[in-house]
Each structure stands twice: as C-alpha cells, then as structure tokens.
Amino acid sequence: MLKKYPILKWSLISLVSLLLLLFGFGWWFMSLIPKKEERVDFTTTKPSELTYLTQNVPPNRGKVLAVVTSAKTMGNSGKKTGYELTELSRAYYVFQANGFEVDIASPKGGEPQVIIDDEDMGKYDFAFLNDSTAQRKAKNTVPVDRIVPSGYEAVFFVGGKGAMFDFPENKAIQHIVRELYQADKVVGAVCHGPAALVNVTLDNGQHLLQNKTVSAFTNEEELLLIPEAAEVFPFLLQDKLIAQGVQFNEGAMYLEQISHEKNLVTGQNPWSTWKMAETMVQEMGYTPKYRKLTPEENAVEVLNTYEASGSQKAKALIDTMYRDKHVELERILIAKHSLIAGMQGDIRRFFALIGLTSHAKKMAERG
C-alpha cells in the first residue's frame with residue numbers, strides 16, 4: 001500500500017521521526033534537572049538550624065507590620081487565591097534577623113489562605129512552616145482596622161493575587177500607609193502587594209504614588225499565566241499604577257527588580273523579596289546583616305547576566321560560582337525560564353537558556 005502512495009509513506013516516516021526527536025529532546029531536557037532524590041530535603045528545617053537567624057542578631061529595634069490578603073478566590077472567577085508564602089516567609093526572617101519583631105495583619109483577621117508553590121520552596125520557607133511563633137501569627141492575623149500605625153517602624157504588603165481584591169479599597173490599609181509614610185517610616189510592597197498603595201491620598205491632597213518610581217507585578221507576567229486577567233481582576237496592576245502617575249520600573253520577566261525612592265520600597269515579583277526586605281532594613285537606618293545568597297538567588301543572577309550581557313557572560317559567571325566561589329545554583333529556575341521563552345515563541349532564548357542549564361549541570365558534576 002505504501003508503495004502505491006509514496007506521499008503517505010514519507011508523511012508517516014516524517015511523523016515518526018518527529019515524535020522520536022521530540023521524545024529524545026524531552027528525555028534529554030529532563031536529564032538536566034536534578035532528580036528528586038538528589039535534591040536536599042528541607043521540609044523539616046527549623047529556624048534554630050539557620051545561623052542567619054540565630055547568630056549576631058541585634059537587640060530589638062522595633063516592630064514591622066506585614067499585611068497579607070484575606071481573599072480566598074479571585075473575584076467571581078472561582079479561582080483559588082491567597083497570599084504567597086515565600087513573600088511572607090523571606091521578608092519575615094530578614095526583618096527578624098535584623099532585630100525587628102514582626103506582626104502579621106490582614107483585612108479580615110484570623111487565618112488567611114496561603115498559597116504554597118512546592119517548586120519555589122527553600123529552607124527558609126520550610127523553616128517558617130516549622131516555626132511555632134511565626135505560624136501562630138500567620139494563622140491568627142490581626143484585623144487591619146485594629147492596627148495602631150505609630151507602633152511600627154515599617155509596613156510591608158505581601159503579594160498574592162488576592163491582594164488585588166481586598167487591598168485597594170480598604171480604608172484601614174490606606175490609613176496605615178498614610179500615617180507611616182508621612183511620619184518618614186518605611187512602606188514596602190512586593191509583587192501584587194503594591195495594590196495597597198493605589199488609592200492612598202496624603203493629607204496634602206496629593207496621591208502617594210504621583211511621580212514616584214515603583215515596581216510591581218507586570219502586565220507581561222500577569223497575562224502569560226492568566227490570559228483573561230483583565231476580566232478576572234478589577235484592574236491590571238501595572239496599568240493602574242501608571243494611571244496614578246507612577247514611573248513604572250519594569251525589569252525582566254520573573255527576575256529580581258526593586259524600586260527604592262526614599263521611604264517607599266517596592267518589588268516586582270516573588271524573586272524580588274529578599275532584596276526588597278533588606279532595602280527596607282537599610283531605609284530604616286541599619287546595615288542589613290550578612291546573609292548567604294540562596295541557590296535561587298544565584299540562578300537569578302545568572303539569568304540577569306544573560307539578559308544584560310548574553311550567554312558567554314552568563315556561562316562565565318556559572319564557572320565562577322562553581323569553580324571559585326563554591327556556591328549552589330538552582331538550575332531548575334533557569335530551565336523554567338527556557339520553557340517561558342518557548343511559551344512566548346522566543347526560540348533563540350529558549351535554546352540559549354537550555355544551553356545555560358546544561359552548562360550548569362556539567363559544572364555541578366565536576367564539583
């Protein structure tokens with residue numbers, strides 16, 4: 001039959017070859033990612049095991065208020081939401097390690113819904129889950145309308161898509177922001193957290209954000225994962241901020257980017273949390289204590305180097321990290337960014353980032 005229909009024959013051969021090629025590529029791609037049994041298990045990590053939290057902690061310097069969303073669904077969409085654990089846990093420990101006590105509040109108080117992305121969890125995030133004091137605060141949040149702003153040196157608004165629904169119109173949140181900002185205390189927000197700032201007017205009648213440089217979750221980041229975001233959310237955060245007179249400071253997609261304008265500190269996404277929190281400590285008048293960068297942060301540095309200077313510079317940085325600095329690198333994050341490039345149809349970037357992932361694996365195996 002195939003002899004009679006050569007087009008069918010060659011079509012089948014081409015299809016089978018393509019399937020074999022895709023299978024082989026998929027197998028090779030998965031081989032670049034550390035197997036589960038090769039990864040360090042941090043699930044039982046306790047705060048007492050982390051020297052950053054136990055050594056050289058300064059005397060109490062006051063209190064910082066962290067605010068998380070109470071929303072459990074994205075409006076009427078039925079989609080589950082809440083606050084992002086990693087954005088709370090990492091900032092919480094930066095503040096604590098630098099001498100600040102942290103209280104946790106939410107619009108409704110009580111136990112808010114938390115979003116945990118297993119792939120993004122590191123030792124500090126698991127430590128937070130195993131921290132009895134932190135968990136007591138996180139599961140018994142103070143209603144924001146009971147907060148006395150003068151008791152705090154700073155307020156930090158945690159991200160999570162739920163913040164888009166119950167932060168912007170909350171009068172108590174606006175009061176907290178206004179009082180602290182006008183008292184020259186620090187206001188910080190990360191990812192969707194800047195939704196808390198969009199309706200804040202100062203006593204002089206000027207909008208808080210007018211002519212300010214701000215970073216927050218971008219339209220590009222939002223729409224990649226939720227194409228219908230404009231219908232799901234009351235607004236797109238980047239659009240809303242720009243409409244309020246903001247100079248929007250946008251970095252590369254899903255990479256660290258913060259804006260620091262006097263006592264206002266904002267971060268673009270979860271990967272910005274560490275730097276944003278440490279910048280808040282700096283703005284409160286203290287030099288942040290030394291903290292060893294996480295493997296995820298090292299991967300972000302590689303990705304930022306690729307964005308700024310290309311593959312060769314990024315590979316050279318990977319060599320330096322493994323050969324000279326002997327640090328760990330979360331190459332899964334680089335692989336994820338290659339998939340994002342593929343989703344966007346950027347084939348050149350897709351293969352370049354796969355090449356970086358492969359190079360990181362080779363350097364890790366060389367020790």
### Query
Where do Val177 and Gln174 land on the side-chain contact (heavy atoms from CB on, under 4.5 Å) test, with the steps shown first?
CA-CA 5 Å; Val177 172; Gln174 294 170 23; 5.9 Å; no
### Query
Does a side chain donor of either Tyr290 or Asn56 reach within less than 3.5 Å of an acceptor in the other side chain?
no
### Query
Do Ser132 and Gln135 have side-chain N/O donor and acceptor atoms under 3.5 Å apart?
no
### Query
Taking only residues two or more places apart in sequence, or in another chain, which ones meet Glu84 in a side-chain hydrogen bond (donor to acceptor under 3.5 Å, both in side chains)?
none
### Within-4.5 Å side-chain heavy-atom neighbours: Phe248 and Thr213
no
### Query
When rounded to the nearest 0.5 angstrom, what is the spacing between CD in Glu278 and CD in Gln282?
9.5 Å
### Query
Between Ser272 and Gln257, is there a donor-acceptor pair closer than 3.5 Å when you use the side chain of the first and the backbone of the second?
yes
### Shortest non-hydrogen contact from Ala71 toward Gly162
CB-O, 3.6 Å
### Task
Would you please test Lys63 and Asp103 for salt bridge (Lys or Arg N to Asp or Glu O under 4.0 Å) and show each step?
CA-CA 7 Å; Lys63 298 173 72 175; Asp103 288 342; 2.8 Å; yes
### Query
Would a hydrophobic clustering, with Ile, Leu, Val, Met, Phe, Trp and Tyr connected at side-chain separations under 4.5 Å, put Phe100 with Val57?
no
### Message
Please evaluate residues Leu209 and Val200 with respect to the criterion side-chain contact (heavy atoms from CB on, under 4.5 Å), reporting the C-alpha separation (whole Å), side-chain torsions for both, the decisive distance (0.1 Å), and the verdict.
### Response
CA-CA 8 Å; Leu209 296 177; Val200 177; over 6 Å; no
### Task
Could you tell me whether the side chain of Asp166 and the main chain of Ser70 form a donor-acceptor pair under 3.5 Å?
yes
### Task
Consider only side-chain N and O atoms of His359 and Asp319, and report whether a donor and an acceptor are under 3.5 Å apart.
yes
### Query
Any Lys/Arg nitrogen of Glu297 or Arg291 sitting under 4.0 Å from an Asp/Glu carboxylate oxygen of the other?
yes
### Message
For Thr81 versus Gln113, what's the shortest heavy-atom pair and its separation?
### Response
O-NE2, 2.6 Å
### Within-4.5 Å side-chain heavy-atom neighbours: Val232 and Ser77
yes
#### Entry: Any donor-acceptor N/O pair, Ser338 side chain to Ala335 backbone, under 3.5 Å
yes
### Message
Would the distance check show the side chain of Arg178 and the main-chain N or O of Thr201 forming a donor-acceptor pair, the cut-off being under 3.5 Å?
### Response
yes
### Query
Heavy atoms, side chains only, cut-off 4.5 Å: are Ile176 and Val144 in contact?
yes
### Task
Please test Met121 against Phe42 for side-chain contact (heavy atoms from CB on, under 4.5 Å), starting from the C-alpha separation and ending with a verdict.
CA-CA 9 Å; Met121 295 285 285; Phe42 291 122; over 6 Å; no
### Message
Test of understanding: clusters of I, L, V, M, F, W, Y form through side-chain heavy atoms closer than 4.5 Å, transitively. Do Val302 and Leu293 belong to the same one?
### Response
no
#### Entry: Worked verdict on Trp274 versus Tyr93 for ring-ring contact (aromatic ring centres under 6.0 Å, His included)
CA-CA 10 Å; Trp274 289 113; Tyr93 282 139; 8.6 Å; no
### Task
Answer yes or no: is there a donor N or O on one side and an acceptor on the other, between the side chain of Asn263 and the main chain of Tyr181, under 3.5 Å?
yes
### Query
Under 3.5 Å, is there a donor-acceptor pair between the side chain of Asn130 and the main chain of Thr45?
yes
### Task
Using modelled atom types only, decide if a donor and an acceptor are shared between the side chain of Asn140 and the backbone of Arg136 within a distance under 3.5 Å.
yes
### Summary
Between the CG atom in Asn219 and the CD atom in Gln238, the distance rounded to the nearest 0.5 Å is 4.0 Å
### Query
Looking only at heavy atoms, which two atoms of Gln268 and Leu255 are closest? And how far apart?
NE2-O, 4.5 Å
### Query
Does CD belonging to Glu328 count more than 12 external heavy atoms closer than 6.0 Å?
no
### Query
Quick one: does Met280's side chain get under 4.5 Å of Met276's, heavy atoms only?
yes
### Message
Could you see if Trp271 belongs to whatever hydrophobic cluster contains Val327? Use Ile, Leu, Val, Met, Phe, Trp, Tyr and a side-chain cutoff under 4.5 Å.
### Response
yes
### Polar contact flag, side-chain donor to acceptor under 3.5 angstrom, Glu256-Asn304
no
#### Entry: Spacing of Leu208 atom CG and Gln182 atom CD [to the nearest 0.5 Å]
9.0 Å
### Task
Measure from NZ or CZ of Lys289 to the centre of the six-membered ring of Tyr52, then state whether that distance is under 6.0 Å and the direction lies within 45° of the axis.
yes
### Query
About how many Å separate CD of Glu250 and CZ of Phe217, when rounded to the nearest 0.5 Å?
11.0 Å
### Query
Under a single-linkage definition using a 4.5 Å side-chain heavy-atom cutoff for Ile, Leu, Val, Met, Phe, Trp and Tyr, are Leu223 and Met343 assigned to the same hydrophobic cluster?
no
### Message
Name the residue from Val190, Leu65, Val68, Ile104 that meets the side-chain contact (heavy atoms from CB on, under 4.5 Å) definition with Phe156.
### Response
Val190
### OG1 on Thr357 to CG on Leu333, rounded to 0.5 Å
9.5 Å
#### Entry: Lys292 side, atom NZ; Leu50 side, atom CG - distance, nearest 0.5 Å
12.0 Å
### Pair Lys185 + Glu179, salt bridge at N-O below 4.0 Å
no
### Query
Does some side-chain heavy atom of Phe126 sit less than 4.5 Å from a side-chain heavy atom of Thr44?
no
### Task
Applying salt bridge (Lys or Arg N to Asp or Glu O under 4.0 Å), run through Lys336 and Asp120 and close with a yes or a no.
CA-CA 11 Å; Lys336 284 182 180 179; Asp120 293 335; 3.4 Å; yes
#### Entry: Check: Leu241 main-chain N/O paired with Gln244 side-chain donor or acceptor under 3.5 Å
no
### Message
Within the 4.5 Å heavy-atom criterion, are Ile334 and Ile354 side-chain neighbours or not?
### Response
no
### Task
Identify the heavy atoms of Ser48 and Thr54 that sit nearest to each other, and give their distance.
O-CG2, 3.7 Å
### Message
Treating His207 as the side-chain partner and Val198 as the backbone partner, does any N or O pair qualify as donor plus acceptor under 3.5 Å?
### Response
yes
### Query
Mind checking what makes ring-ring contact (aromatic ring centres under 6.0 Å, His included) contact with Tyr92, not counting sequence neighbours?
Phe128
### Task
Considering non-hydrogen atoms only, spot the tightest contact between Ala230 and Leu236 and give its length.
N-CD2, 4.1 Å
### Message
I'd like to know if the side chain of Thr141 reaches the main chain of Lys137, judged simply by a donor and an acceptor atom lying under 3.5 Å from each other, with no hydrogens or angles considered.
### Response
no
### Message
Does atom CG (Asn60) have a neighbourhood of more than 12 heavy atoms from anything else shown, all under 6.0 Å?
### Response
yes
### Message
With side-chain contact (heavy atoms from CB on, under 4.5 Å) as the criterion, how do Lys161 and Ile226 come out once you've worked through the C-alpha distance, each side chain's angles and the decisive distance to 0.1 Å?
### Response
CA-CA 11 Å; Lys161 298 183 188 301; Ile226 307 179; 3.8 Å; yes
### Query
Does NZ or CZ of Arg61 fall inside the cone over Tyr286's six-membered ring, less than 6.0 Å from its centre and within 45° of the axis?
yes
#### Entry: Joint cluster assignment, Tyr83 & Ile115, ILVMFWY side-chain distance < 4.5 Å
no
### NZ/NE/NH1/NH2 to OD/OE distance under 4.0 Å, Asp41 and Lys123
no
#### Entry: Atom of Asp125, atom of Leu85 and distance for their closest heavy-atom approach
O-CD2, 4.1 Å
#### Entry: Ion pair check, Arg349 and Glu307, cut-off under 4.0 Å
yes
